[in-house]
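Letters A, B, ... are given to chains in the order of the sequence lines, protein chains preceding strands, and every chain is numbered from 1.
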Protein chains: 2
Amino acid sequence: MSAALPPASIPQEPIDRSDLRADLQPDLLQLGTGEDEPCLRADAARNRARLLEAAAGLVAEHGAAGLTMEAVAAAASVGKGTVFRRFGDRTGLLLALLDHSERKFQAALLSGPAPLGPGAPPVERLHAFGRAMLRRLADELDLQLAAEPGAERRFTSAPRRFLRGHVILLLRQAVPDADCELLAHTLMGYLDPVLVHHLTRQCRVPLDRLEDGWVDLVARVTGTEPPAEP
Amino acid sequence: MSAALPPASIPQEPIDRSDLRADLQPDLLQLGTGEDEPCLRADAARNRARLLEAAAGLVAEHGAAGLTMEAVAAAASVGKGTVFRRFGDRTGLLLALLDHSERKFQAALLSGPAPLGPGAPPVERLHAFGRAMLRRLADELDLQLAAEPGAERRFTSAPRRFLRGHVILLLRQAVPDADCELLAHTLMGYLDPVLVHHLTRQCRVPLDRLEDGWVDLVARVTGTEPPAEP
DNA sequence: AAGTTAAACGGACCTTGGTCCGGATCGCTA
DNA sequence: TAGCGATCCGGACCAAGGTCCGTTTAACTT
């Protein structure tokens with residue numbers, strides 16, 4: 001159905017991790033690292049835990065949007081520099097806060113039950129993926145929004161790269177002769193937390209409509225018939 | 001080809017313009033306002049011009065990314081408060097800098113020659129639209145990037161709304177029984193300056209491939225055959 | 001021409017993310 | 001347990017966007 005584009009893969013800009021604490025990009029694909037820190041000095045690990053706890057508390061209290069780094073530092077009885085050394089920047093801290101949910105979701109994709117996990121046909125998995133993403137975004141929306149990286153890292157943060165990679169894999173199976181990298185960017189754009197926030201919160205679009213929109217989009221992009229609606 | 005979704009339009013969040021200078025959102029669709037300011041006091045108009053000139057100079061010198069509001073104020077021999085009163089915020093200033101190009105593009109869409117302007121079938125106009133957008137982004141990329149609004153306004157700035165509205169109109173003609181608002185968001189996502197920057201600058205994807213990707217995407221979304229490649 | 005008022009001005013001030021480096025700590029080794 | 005180097009800590013410091021409010025001035029009225 002499409003022009004036979006060479007599915008040459010897009011060279012991912014080599015992220016220079018030289019100046020980042022291992023902590024910040026636990027693993028490019030977050031696989032294998034059973035737990036967090038491989039080796040942190042005792043005091044560092046203790047402070048890290050206290051910071052996360054303090055941050056979680058402040059988020060629960062004032063909302064993720066109102067979280068300031070100084071407040072976190074103060075609440076953890078720690079210097080501001082410590083927060084930044086550990087998490088790099090504000091986004092890094094928020095990302096760490098989301099890490100648990102993130103890993104759970106990734107696990108569901110990699111080894112959970114079909115159709116989200118392996119075992120179902122790729123198009124079906126795409127449908128399930130989008131629906132799951134939308135629902136997950138609907139919860140956590142505040143946090144996801146606050147964790148939105150600045151323009152530079154919007155497409156290079158570890159979680160985003162993983163999710164995009166997942167979509168690329170499924171698309172390669174579903175539409176082998178398309179430019180799956182670009183198509184994946186398009187699909188992921190639909191699942192952008194900022195867009196979902198805009199539509200659901202500012203425009204009052206019900207989540208159901210977003211899910212239907214996703215299913216329809218996947219059907220169009222893959223050239224398949226949309227599944228019958230229940 | 002798609003489930004018959006009710007094309008109920010998405011209620012655009014009523015932008016409260018109460019606290020914004022008319023200047024900032026010259027017109028929701030930027031139609032009709034022959035020139036800029038309807039009524040600015042003489043000194044205000046003079047300062048506005050000086051600020052834009054100064055800003056343009058600084059951008060040419062240090063790049064759009066390095067533009068600071070204080071520098072602009074100083075270069076125009078004006079107080080910092082004046083810059084903010086006139087343009088609202090940094091983004092507003094950058095947007096004003098892009099205003100000329102923006103209007104030209106809008107004019108081309110509304111009354112220029114086909115297929116960009118009216119007269120061609122909608123799918124063909126969509127193809128032309130994306131290609132033109134991509135090329136325009138490729139120039140101006142620095143400015144477009146610097147003018148990227150914060151997360152809140154990413155989908156509500158006047159230029160974006162106009163362009164999205166244009167796409168919605170074309171989609172309504174091309175695929176009347178689809179959820180065109182959501183589809184338009186998807187298509188516009190492909191034309192996001194930040195994405196284009198990521199792909200072209202960070203991943204070294206050639207512009208041609210992006211254009212091919214757009215054409216293919218439009219074909220898939222509208223369920224049409226991709227046009228023959230020259 | 002003087003008076004009046006709404007608008008514009010300017011720069012001090014605040015906030016917050018992010019940096020820096022001298023000093024304190026940890027954990028290892030002898 | 002004393003010594004030592006690598007690691008970590010902390011808070012002063014910086015930059016830059018954005019706000020505030022007392023003062024100035026353009027433009028209209030009489």
Side-chain angles (χ1 to χ4, degrees), chain A residues 19-24 37-51 54-55 58-59 62-97 146-153, chain B residues 18-24 36-52 54-55 58-59 62-96 146-153:
Chain A
D19 58 346
L20 290 178
R21 302 228 36 79
D23 191 349
L24 299 182
E37 293 335 281
C39 50
L40 263 196
R41 234 172 66 173
D43 51 351
R46 172 180 47 89
N47 280 340
R48 185 185 139 91
R50 291 173 62 175
L51 282 168
L58 289 177
V59 164
H62 303 114
L67 192 72
T68 84
M69 299 302 265
E70 289 219 3
V72 175
S77 309
V78 138
K80 195 164 133 182
T82 303
V83 191
F84 281 93
R85 187 172 344 90
R86 192 56 54 204
F87 299 102
D89 58 10
R90 203 186 120 97
T91 296
L93 174 59
L94 275 307
L95 242 37
L97 237 31
E148 184 72 9
E152 333 70 51
R153 298 217 174 285
Chain B
S18 51
D19 59 346
L20 290 177
R21 303 230 33 81
D23 192 349
L24 299 181
D36 31 17
E37 296 334 285
C39 50
L40 263 196
R41 237 172 63 171
D43 51 351
R46 172 180 47 88
N47 280 342
R48 184 184 140 91
R50 290 172 62 174
L51 283 168
L52 283 178
L58 289 177
V59 164
H62 304 114
L67 193 72
T68 85
M69 299 303 264
E70 289 218 3
V72 174
S77 309
V78 137
K80 197 164 137 183
T82 302
V83 190
F84 282 93
R85 185 169 346 88
R86 192 56 53 204
F87 298 103
D89 58 9
R90 201 186 122 97
T91 296
L93 175 59
L94 274 308
L95 242 38
E148 184 71 10
E152 332 71 48
R153 298 217 172 285

Starting at CG of A/N47 and ending at P of C/dA24, how long is that distance when rounded to a whole Å? 17 Å
Between B/F87 (CZ) and C/dC9 (P), how many Å, whole number? 11 Å
State the CG-CZ distance between A/N47 and A/R86, to the nearest 0.5 angstrom. 8.0 Å
So, using side chain to side chain contact (heavy atoms under 4.5 Å, CB included) as the criterion, who are the partners of A/A75 when residues are at least two apart? A/A54, A/L58
Quick one: side chain to side chain contact (heavy atoms under 4.5 Å, CB included) partners of A/A65, sequence neighbours excluded? none
Axis-to-axis angle across the helix from C/dA1-D/dT30 to C/dA30-D/dT1, five pairs each end, nearest 10 degrees, ~ 10°
Any A/T82 side-chain nitrogen or oxygen under 4.0 Å from OP1 or OP2 of D/dG10: yes
What residues, two or more places apart in sequence or in another chain, satisfy salt bridge (Lys or Arg N to Asp or Glu O under 4.0 Å) together with B/E70? B/K80
Scoring nucleotides 14-19 of chain D by protein non-hydrogen atoms under 4.0 Å (B base, S sugar-phosphate only, - none) yields ---BBB
Atom pair CG (A/L40) and CZ (A/R48), whose distance is rounded to the nearest 0.5 Å: 7.0 Å
Could you list the residues that satisfy salt bridge (Lys or Arg N to Asp or Glu O under 4.0 Å) with B/R41, not counting sequence neighbours? B/D43
For the side chain of B/R50 and the backbone of B/A76, is there at least one donor-acceptor N/O pair under 3.5 Å apart? yes
State which residues pass side chain to side chain contact (heavy atoms under 4.5 Å, CB included) with A/T91; sequence neighbours excluded, sorted by chain then number. A/D89, A/L95, A/P149
List in chain and number order the residues that pass side chain to side chain contact (heavy atoms under 4.5 Å, CB included) with B/A151, two or more places apart in sequence or in another chain; answer none if no residue qualifies. A/V194
Residue-phosphate contact under 4.0 Å: A/R85 side-chain N/O, D/dG10 OP1/OP2: no
How does protein reach along nucleotides 24-30 of chain D, written 5' to 3' as B (base within reach of a heavy atom under 4.0 Å), S (only sugar-phosphate), or - (no contact)? -BSS---
Check: B/L52 and B/F87 side chains under 4.5 Å, non-hydrogen atoms: yes
